Amino acid sequence: MTYQTILVETHERVGLIRLNRPQALNAINRQLTEELLSALDGFDKDAGIGCIVITGSEKAFAAGADIKEMQAQEFATMYAGDWFGNWERMAAVRTPVIAAVSGFALGGGCELAMMCDFILAADTAKFGQPEIKLGVMPGMGGSQRLTKLVGRSKAMEMCLTGRMMDAQEAERAGLVSRIVPATELVDEALKTAATIAAMSLPAAMMVKEAVNRADQVPLSEGLRFERRLFHSMFALEDQKEGMAAFVEKRKADFKHR
Ligand code: HXC
């Protein structure tokens, strides 16, 4: 499939999606949304792909939803068209997804990064929810996911003032998993993704499902869910292979990859 707003590459078992609207700092318009969701779905259905990376340019991961496209909208068209509702399709992606963020990740850009399973940040990354400066508020999960990731106080301050946080603050706050030099960001994300893609795919998917469950259910239910998944893994050949490889002091060669 040919896309106009994203670039799609495959690096062995890793799918790489680069947001590519440089003239608008990768602002997320409807076309980019559809293309990105379609590329994610394609990789997710491809048994040859074990991890996906989403990145932007050096200057911007994405500077938000496309303000020029939204500007003239009315309540009726927004509501009836359920704008941004299609991002729920991202929750259906079972393959692990890494956001590799360099430069601006603002508004919908920050929200897109938070929809990924974890965020690797370049030392140049800047995160923010500046919607309030436009007279609106986050609409792709910012008020919810940011609060879960960094806590109420910082999320409230970020969403009420619209200020940006740099990569160091984002790491301290738990928004990003780690910081790498900007020049190494994509290589490091691909390396991390390749590590994940070399694992048993069902095991990786179950990890993703279990960690995501922590956001949805009380601890007692989450613990039970985790334990049941853990038990079920003993039906996988990959459990036999992984444990045998450890005992035999060799590298595991998982079948279900
Ligand atoms: C449309 C955008 C854009 C956006 C930047 N551009 N952000 N176009 N939507 N979100 C365009 C600019 O209009 C400009 O186009 C070009 O990209 C370069 O941007 P500059 O502003 O000239 O660059 P710079 O001076 O370096 O400033 C970078 C910036 C600034 C600080 C990131 O662009 C900025 O503040 N952007 C808006 C950030 C924002 O408010 N995001 C939240 C959007 S609302 P021209 O044609 O002039 O060269 C949102 C809602 C989410 O995300 C809720 C549901 C999704």
Side-chain angles (χ1 to χ4, degrees), residues 3-7 17-40 54-93 97 99-116 119 121-150 154-170 175-176 182 185:
Y3 297 116
Q4 274 140 21
T5 62
I6 58 172
L7 301 169
I17 302 172
R18 294 177 195 265
L19 310 185
N20 188 36
R21 294 188 70 215
Q23 73 286 2
L25 301 183
N26 294 332
I28 301 169
N29 62 5
R30 281 180 286 190
Q31 184 181 7
L32 185 143
T33 302
E34 275 313 313
E35 292 188 355
L36 176 57
L37 288 169
S38 154
L40 280 168
I54 301 177
T55 196
S57 66
E58 215 175 302
K59 179 164 183 193
F61 177 74
D66 192 314
I67 300 168
K68 293 165 190 166
E69 190 182 60
M70 273 185 300
Q71 187 184 7
Q73 294 298 319
E74 301 286 345
F75 168 74
T77 51
M78 278 269 162
Y79 181 79
D82 195 20
W83 271 52
F84 309 123
N86 46 3
W87 284 106
E88 284 179 16
R89 281 162 53 197
M90 198 148 161
V93 175
V97 184
V101 174
S102 179
F104 298 110
L106 303 177
C110 185
E111 293 169 300
L112 170 60
M114 291 190 290
M115 278 184 233
C116 298
I119 302 173
D123 47 12
T124 57
K126 285 189 166 51
F127 299 88
Q129 298 290 162
E131 291 91 341
I132 193 148
K133 295 188 191 169
L134 301 168
V136 291
M137 62 175 283
M140 274 165 61
S143 66
Q144 307 301 301
R145 290 196 179 91
L146 190 64
T147 307
K148 284 184 193 291
L149 284 162
V150 307
K154 197 178 280 283
M156 196 69 97
E157 189 213 340
M158 302 289 302
C159 293
L160 283 174
T161 66
R163 84 165 170 90
M164 292 185 216
M165 73 170 123
D166 64 17
Q168 285 70 26
E169 183 179 358
L175 177 60
V176 311
L185 177 71

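This is a predicted model, so every value here is computed, not measured. First listed ligand is number 1; within each ligand, the first listed atom is number 1.
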Do [X] side-chain atoms and [Y] backbone N/O form a donor-acceptor pair below 3.5 Å?
X      : Y      : value
Glu69  : Arg30  : yes
Asn26  : Ala60  : yes
Glu111 : Gly141 : yes

*Any side-chain donor paired with an acceptor under 3.5 Å for Thr5 and Gln31?*
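Looking only at side-chain atoms, Gln31 and Thr5 do not form any donor-acceptor pair under 3.5 Å.
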Give me the nearest non-hydrogen protein atom to [atom] as residue plus atom name, then the distance to 0.1 Å.
atom                    : answer
atom 38 (C) of ligand 1 : Ala63 O, 3.3 Å
atom 20 (P) of ligand 1 : Leu25 CD1, 4.5 Å
atom 9 (N) of ligand 1  : Ile67 N, 2.9 Å
atom 44 (S) of ligand 1 : Leu134 CD1, 3.5 Å
atom 51 (C) of ligand 1 : Glu131 OE2, 3.2 Å
atom 55 (C) of ligand 1 : Met140 SD, 2.9 Å
atom 47 (O) of ligand 1 : Lys68 NZ, 4.1 Å

_Under 3.5 Å: N/O of Phe84 near N/O of ligand 1_ =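 Min N/O separation from ligand 1 is not below 3.5 Å for Phe84.
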Within the protein, is there a heavy atom lying under 4.0 Å from [atom]?
atom                    : answer
atom 6 (N) of ligand 1  : yes
atom 22 (O) of ligand 1 : no
atom 34 (C) of ligand 1 : no
atom 25 (O) of ligand 1 : no

Measure the distances from the heavy atoms of [X] to every atom of ligand 1 and state whether one is below 4.0 angstrom.
X      : answer
Lys59  : yes
Glu111 : yes
Gln23  : yes

*Give the numbers and elements of all ligand 1 atoms closer than 4.0 Å to a heavy atom of Ala24.*
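Answer for ligand 1: 2 (C), 5 (C), 6 (N), 11 (C), 17 (O).
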*With heavy atoms under 4.0 Å as the rule, classify the contact between Ala65 and ligand 1 as side chain, backbone, both or neither.*
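Both backbone and side chain.
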_Check this for me: does any side-chain nitrogen of one of Glu35 and Arg21 sit under 4.0 Å from a carboxylate oxygen of the other?_
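Arg21 and Glu35: not salt-bridged.
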*When you measure from atom 53 (C) of ligand 1 to each heavy atom in Gly107, Gly139, Ser143, Pro22, which option holds the nearest one?*
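Of the listed residues, Gly139 has the closest heavy atom.
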